[in-house]
Amino acid sequence: MPFFCPRPTERRSSLPEHACTAVAGFAVYSRVFNAFSPTRTLMQDKYQPAAVETAAQQHWDSTDAFRVTEDASKPKYYCLSMFPYPSGKLHMGHVRNYTIGDVLARFHRMKGFNVLQPMGWDAFGMPAENAAIQNNVPPAKWTYANIEYMKAQLKRLGFAIDWSRELATCTPEYYRWEQWLFTRLFEKGLIYKRLGTVNWDPVDETVLANEQVIDGRGWRSGALVEKREIPMYYMKITAYADELLSALDDLPNWPEQVKLMQKNWIGRSEGVEISFPYDLSSIGHEGALKVFTTRADTLMGATYVAVAAEHPLATQAATSNPALAEFIEECKRGGVAEADIATMEKKGMPTGLKVRHPLSDEPLEVWVANYVLMGYGEGAVMAVPAHDERDFAFATKYELPIRMVVGSDAYTDTVAPWQDAYAEYGHLVNSGKYDGLDFQGAVDAIAADLAAKGLGAKRVQYRLRDWGISRQRYWGCPIPMIHCADCGDVPVPDEQLPVVLPENVEVTGRGSPLAKMPEFYECACPKCGKPAKRETDTMDTFVESSWYFLRYACADSTSAMVDERVNYWAPVDQYIGGIEHAILHLLYSRFFTRAMRDCGLVNVSEPFSALLTQGMVVAETYYRELDGGKKQWINPADVVVERDERGRIVAAKLESDGLPVVIGGTEKMSKSKNNGVDPQSLVDQYGADTARLFIIFAAPPDQQLEWSDSGVEGASRFLRRVWNYGHAFASETRAALPSERKLAANTLPAAAADVRREIHTHLKQASYDFGKHQFNTVVSAAMKILNALEKAHKDLAGSEPAAHAEVADEGFSILLRLLSPITPHICHALWKDCGFGADILVAQWPEVSEDALKQDEIELMVQVNGKLRGSIKVAADAAKADIEALALASEAAQKFMEGRPAKKVVVVPGRLVNIVA
RNA sequence: GCCGGGAUGGCGGAAUCGGUAGACGCAGCGGAUUCAAAAUCCGCCGCCGCAAGGUGUAAGGGUUCGAGUCCCUUUCCCGGCACCA
C-alpha cells in the first residue's frame with residue numbers, strides 16, 4: 001500500500017559508460033599524494049565499488065549481522081520503512097525511502113541500540129489484476145516473481161535488514177490472521193454491514209476505483225460511470241474518533257503538519273441535531289427530516305432544506321415528477337470522489353414536498369441538491385443562505401429567500417456578492433425571542449427549546465466516516481463470512497481459517513472472479529450445516545498494511561496473530577514513508593493498533609512513536625506535441641540540452657534526430673511522463689554507495705529530491721577521493737604516528753590544532769544535524785572534513801609529520817564513522833584497511849572534543865545601521881564594553897559613521913556588533 | 001472546492017534562538033598536467049558597477065538596531081480528499 005503502483009520504467013541509462021570502468025585510479029592516486037608515494041600502483045588503490053560492496057555484503061550475510069532478537073540489556077530501536085508494493089522493480093522512491101531508513105538504523109546501532117529493521121511485501125492490490133488482464137499472467141505468479149526480483153535489488157543496495165522476518169501479505173500464513181481478527185471485530189460489533197456508494201461501470205459490470213474513473217467514464221470501457229449502492233462491510237473507526245484525535249497530542253515526534261491533517265480529517269465539531277417534522281399535507285405521512293448543524297444560532301434564517309438524490313423523500317417525490325426523476329438520475333451519474341463533487345456545479349430541483357420549521361412551524365421547501373451526499377450524516381442539510389457561502393450561491397441561483405439573522409457591520413442587507421464576513425459570528429437579529437443573543441447564547445437557547453419539543457439536541461459530530469473495506473476484486477484477502485438463508489451472516493469459525501484465495505483464476509476485468517467460482521463460494525453454514533454462500537468480496541488492501549508492523553515482531557508464529565515478542569518491539573520507534581500516506585494509511589494503522597489492543601493482542605495504542613515523511617523523487621520532463629495536441633514524452637536520457645555561457649538551459653533536442661523538444665518542467669518520476677531513472681542501472685554503473693550518497697546528499701529527507709546525473713557523478717567523485725585518501729593514510733600517514741598520542745589543544749602545534757578544531761566543528765554540526773534528520777548536511781560536513789584532511793596532508797605532513805598523523809588518524813576515523821550509515825560498504829573496507837578495527841559495525845558514534853573546539857581569539861562582524869561594514873578580532877572572553885570600544889574605533893565604523901555619534905550599540909556575543917549612528 | 005505544505009544564484013541546497021545570505025556539491029569560466037582526450041589538481045563564480053558602492057531570499061506591505069527567518073495580503077507550484085498504493 002504505501003507505494004503507488006507499478007511504474008516500471010523502461011529506460012536506457014542516462015549515465016555515462018565510463019563511470020565504473022578502470023581508468024583513472026593509479027594516476028589519480030599518485031598525483032594527489034605524489035609527495036609521499038610516487039610509485040604506488042597496487043590494485044587496491046583503485047576504488048572498485050562492485051568488489052568492495054560484494055565483500056561487505058558477504059561479510060554481513062555470513063555473520064548474520066542484522067538478525068536481532070529481544071535483548072533486555074540494550075535500549076531497542078525499531079526502525080521501519082513503509083513496505084513496498086511488489087510492482088516489478090524498485091523505483092527511485094523506494095531507494096530513497098529505504099536509504100533514509102537504513103541510515104537511521106545504522107546510526108542507532110552505533111549509538112548502542114538493539115536495532116530491528118525488517119522488510120516485507122504489501123502484495124495484494126489492483127496492479128496484479130491489471131497485469132493479469134494485460135499479459136494473461138496469474139496475479140500470484142506475477143507477484144511472487146516481482147518479489148524475488150525486488151528482493152535481490154534491495155540486497156544489492158546493502159540495507160541492514162533482518163530478512164528472517166520477511167513477510168508477504170498475499171500468503172495464507174499472513175492473511176489468515178487478518179481473517180481471524182475480522183471475525184473477532186465482527187463479534188465485538190466493530191465490523192458491521194450496510195449499503196455503501198461505489199463507482200459502477202455499466203458496460204464492464206464492475207466496480208471501479210476512483211483512479212479508474214477518468215472524466216466520469218470507465219478507464220477501459222469508456223462508459224459513463226454511475227453511483228451504485230451495494231452492501232459492504234464497514235470497520236467502526238468512528239468508535240475511536242475521539243481517542244484518535246486526542247492522542248495526537250501524545251505524538252511529539254510526528255510532523256505537526258501530519259497531525260494537523262489528521263485532526264482536520266477526523267474533524268470533530270460540536271453542533272445541534274435538528275429534526276424538521278414532515279408537512280403532512282404535502283408528504284402524506286408522519287416523520288422528520290434530521291440535519292446536523294454547527295450553526296444552530298442561524299436556525300431562524302433557514303429558508304429551505306436540501307436532501308441527497310438517494311434520500312427517501314427524493315425518491316417519493318420523483319414517482320410523480322418525471323423531471324425530478326430525470327434530475328435524480330443525473331445526480332447519480334459521475335463518480336464518488338469528493339474532489340469531483342466539490343468542484344462540480346451546484347445544481348438542485350424542488351420536490352414540491354415541505355417540512356415544518358421546528359421552532360416557527362413555517363413550511364420550508366425540500367430541494368434535491370447534487371452536493372448533498374447520502375453517505376454523510378442523514379443525507380440532508382438545512383440551508384441558511386444569509387450566512388453560508390454555498391447556500392448563498394444556491395439560493396441566489398434559484399431565487400430562494402435569503403433571511404439575515406446575524407447582525408454584522410459588513411452585512412446590513414442581504415446583497416450579492418458573497419462576503420466572508422456574512423459567515424462570522426455576531427448577535428442575533430430577526431430571530432424573535434433570540435434577538436440580541438451572541439453565538440453561544442443563541443445555540444444554548446435554541447438547543448434547549450428544541451430539546452423541550454423533542455426536535456433536537458446538542459451532539460458532537462465527526463467528519464471521519466466508518467471505513468468501508470469490501471472490495472469486489474479478486475487479488476485481496478477473502479472476507480471470512482458465510483451467508484446463510486436461515487442464520488444470516490455467519491463468521492467463518494477459527495478451525496476453518498484461513499479462507500484460502502484460489503490462485504489459478506482467470507482475470508478478465510469484467511465482474512468479480514470469485515463470484516464466478518462455485519467451487520469457492522459454495523459451502524455449508526457453520527451454524528446449521530445447510531448449503532450457504534461464501535462472501536466473494538475481498539478486503540481493502542489498506543487492511544494488510546494496518547498491522548504488518550506488529551507482525552514483524554513475530555513473523556514466524558504459526559499459533560497466534562502476534563505473540564509476547566510484540567510487546568518488546570512495539571511501538572515502531574521510527575517510521576519512514578511518503579507524505580502521501582499522511583492521512584489514510586497512518587490513521588487506519590492507529591485505529592487498528594487500538595482495535596488489537598482492545599482484543600488483548602498488544603499493550604500499546606500508538607503504532608509509530610516517530611514519523612519521518614519523505615518527499616518525492618522528481619525529474620525533468622521533455623515532450624513533443626503530436627498531431628491532435630497529444631504529448632509524446634521523451635526520456636531525459638535521450639535529450640541533449642543547450643546552455644548559455646552561464647550554464648543556463650536555453651534549449652533541448654532529441655539526441656537521435658537533433659530536432660528540438662519542449663522542456664516540460666520538473667515532475668514526479670513516472671511512467672506516464674517517461675522521466676524515470678532506473679535505480680538498477682545506477683547501482684550497476686556506480687555502486688550502491690554512490691546511489692545512497694547521492695540520494696542522501698541531494699536534499700533533506702522531507703523535501704522533494706530532484707534527479708541529477710551530474711550530481712551522481714559528484715557523489716561518485718567524492719567516494720573516490722575518500723578511497724584515495726584512505727589508502728594514502730593506510731600506507732603512508734599511519735607510519736608517522738607517534739607511539740605516545742597527545743592530541744590536546746595545548747600540545748599540538750597551532751596549525752594542527754586548527755585542523756583538529758575544524759574537524760570537530762564539522763563533527764558537532766553533523767551530530768546535531770543527524771538529530772534533526774537533516775542528513776544532507778551530514779554529508780556536507782563529511783566533505784568539509786575530507787577537504788580539511790587533504791589540505792592538512794598537503795600543508796602539514798612534511799613539516800609536522802607526527803602531529804599531522806595524530807590529527808589525521810582521529811579525523812579520518814571520525815569521517816568513516818560519520819559516513820558509515822550512509823555509505824556502509826566503502827567505510828567497512830577502509831575501516832579495516834586503515835587499522836581502526838576489525839568491523840566498523842561495532843564502532844561507536846564519534847564524540848565531539850570540547851578541548852579541540854577551544855579558541856582564544858574570535859572574529860566579530862561590525863555593522864553600521866544594520867549593514868555589514870567590516871570586522872574586528874577580539875579575545876574570546878572580551879568584556880562587552882571593550883568590544884564596543886574596539887568596534888567604534890574600527891576603520892569601517894569610523895568611515896561609515898561619517899562623524900555622527902553612536903546613538904546605540906548592540907553587541908551580539910560571538911557574532912556581531914551593530915552601531916546605530 | 002476543502003485540508004496540509006513549499007518558493008533562497010544557472011541548478012540541488014545551507015544559514016541551529018531574529019544576528020556575516022549563498023556553506024557543501026553540481027554546472028560554467030580560467031589555469032596546471034597531457035601528444036591529445038578522459039580523469040585529477042589549483043583558482044574564479046548572486047545581480048548591477050571600472051571602482052567606491054549599490055542591490056538581492058516568489059510579489060507587495062508591516063514589526064525591529066537588525067528579517068530568508070516573525071505578522072498581514074497576493075501569486076505560482078506540490079501532496080491528500082476516503083476504491084492508486
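Every chain is numbered from 1 and lettered A, B, ... according to where its sequence line falls, protein lines coming before strand lines.
Remark: the separation of the P atoms in C29(B) and A38(B) is 12 Å, to the nearest Å. With both ends at atom C1', the span from C78(B) to G46(B) equals 26 Å, rounded to whole Å. Here, A23(B) and G12(B) have their P atoms 15 Å apart, quoted to the whole Å. Rounded to whole Å, the separation between the P atoms of G56(B) and G66(B) comes to 15 Å. Nucleotides C26(B) and C45(B), compared at atom C1', are 13 Å apart to the nearest Å. A82(B) and A58(B): their P atoms are spaced 34 Å apart (whole Å). For the P atoms, the distance from U74(B) to G1(B) is 14 Å, rounded to whole Å. Taking atom P in both C48(B) and C81(B), one finds a spacing of 45 Å when rounded to whole Å.
Using modelled atom types, one finds no donor on one side chain facing an acceptor on the other under 3.5 Å when comparing D201(A) with T206(A). A donor and an acceptor atom, one from each side chain of Q472(A) and S512(A), are nowhere located under 3.5 Å apart.
Residue contacts shown for S710(A) are limited to sugar-phosphate atoms, with no base heavy atom under 4.0 Å away. Residue-level contact check: S871(A) touches neither bases nor backbone, having no heavy atom under 4.0 Å from any strand. N865(A) comes within 4.0 angstrom of no nucleic acid atom, judged by non-hydrogen atoms across all strands. Base engagement by M232(A) is indicated by at least one non-hydrogen atom pair under 4.0 Å involving a base atom. Base contact: V198(A) has a heavy atom under 4.0 Å from a base atom. Among the protein residues, R717(A) comes within range of the sugar-phosphate backbone only, with heavy atoms under 4.0 Å from sugar or phosphate atoms but none that close to a base. Within the nucleic acid shown, M616(A) comes within 4.0 Å of sugar-phosphate atoms alone, with no base atom in reach, counting heavy atoms only. At a threshold of 4.0 angstrom between heavy atoms, the contacts of V207(A) include nucleobase atoms, whether or not backbone atoms are also involved.
For K784(A), whose side chain is taken as the heavy atoms from C-beta onward, the closest listed nucleotide among G25(B), C78(B), A23(B) is A23(B). Of the candidates C42(B), G4(B), C65(B), the closest approach to any side-chain atom of K904(A) belongs to C65(B). Closest to the A337(A) side chain, of the nucleotides A82(B), C84(B), G80(B), is A82(B). The N210(A) side chain lies nearest to C84(B) when the options are A23(B), C84(B), G80(B). Nearest to the side chain of L464(A), among A39(B), A23(B), A82(B), sits A82(B).
Contacts of K397(A) classified as salt bridge (charged side-chain N to carboxylate O under 4.0 Å, His left out), with partners at least two apart in sequence or in another chain: E345(A). For I579(A), the side-chain contact (heavy atoms from CB on, under 4.5 Å) test picks out Q257(A), V258(A), M261(A), A582(A), T613(A), with sequence neighbours left out. When the side chain to side chain donor-acceptor pair (under 3.5 Å) test is applied to R471(A), the partners found at least two apart in sequence or on another chain are D540(A). Under the salt bridge (charged side-chain N to carboxylate O under 4.0 Å, His left out) criterion, K236(A) pairs with no residue at all, not counting sequence neighbours. Scanning for side-chain contact (heavy atoms from CB on, under 4.5 Å) contacts around D769(A) gives Q765(A), K772(A), Q774(A), T777(A), V778(A), with sequence neighbours left out. With sequence neighbours left out, E891(A) forms a side-chain contact (heavy atoms from CB on, under 4.5 Å) with no residue at all. Listed by chain and residue number, E330(A) satisfy the side chain to side chain donor-acceptor pair (under 3.5 Å) test with K347(A) (two or more places apart in sequence, or in another chain). Looking at residues two or more places apart in sequence or on another chain, you find no side chain to side chain donor-acceptor pair (under 3.5 Å) involving D702(A). Partners of Y462(A) under the side chain to side chain donor-acceptor pair (under 3.5 Å) rule, at least two apart in sequence or in another chain, are D242(A).
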Restricting both atoms to N or O, compile the protein contacts to nucleotides 49-57 of chain B shorter than 3.5 Å, with distance only.
residue, atom, partner, partner atom, Å
G53(B), OP1, K895(A), NZ, 2.9
G54(B), OP1, R869(A), NH2, 3.3
G54(B), OP2, R869(A), NH1, 3.2
U55(B), OP2, K867(A), NZ, 3.1

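Base orientation of C45(B): anti, the glycosidic angle falling outside 90° of 0.
With a cut-off of 3.5 Å on both pairing distances, the Watson-Crick and G-U wobble pairs of RNA chain B assemble into stems of 3 or more at B:1-7 with B:75-81, B:10-12 with B:24-26, B:28-32 with B:40-44, B:46-48 with B:53-55, B:58-62 with B:70-74.
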Exercise. Show your working on ring-ring contact (aromatic ring centres under 6.0 Å, His included) between F694(A) and Y686(A) and close with a plain yes or no.
Key: CA-CA 11 Å; F694(A) 168 73; Y686(A) 288 89; 9.7 Å; no
Quiz item: What string of B, S and - do you get for nucleotides 11-20 of chain B 5' to 3' if you count protein non-hydrogen atoms under 4.0 Å?
Solution: -BSSSB--BB
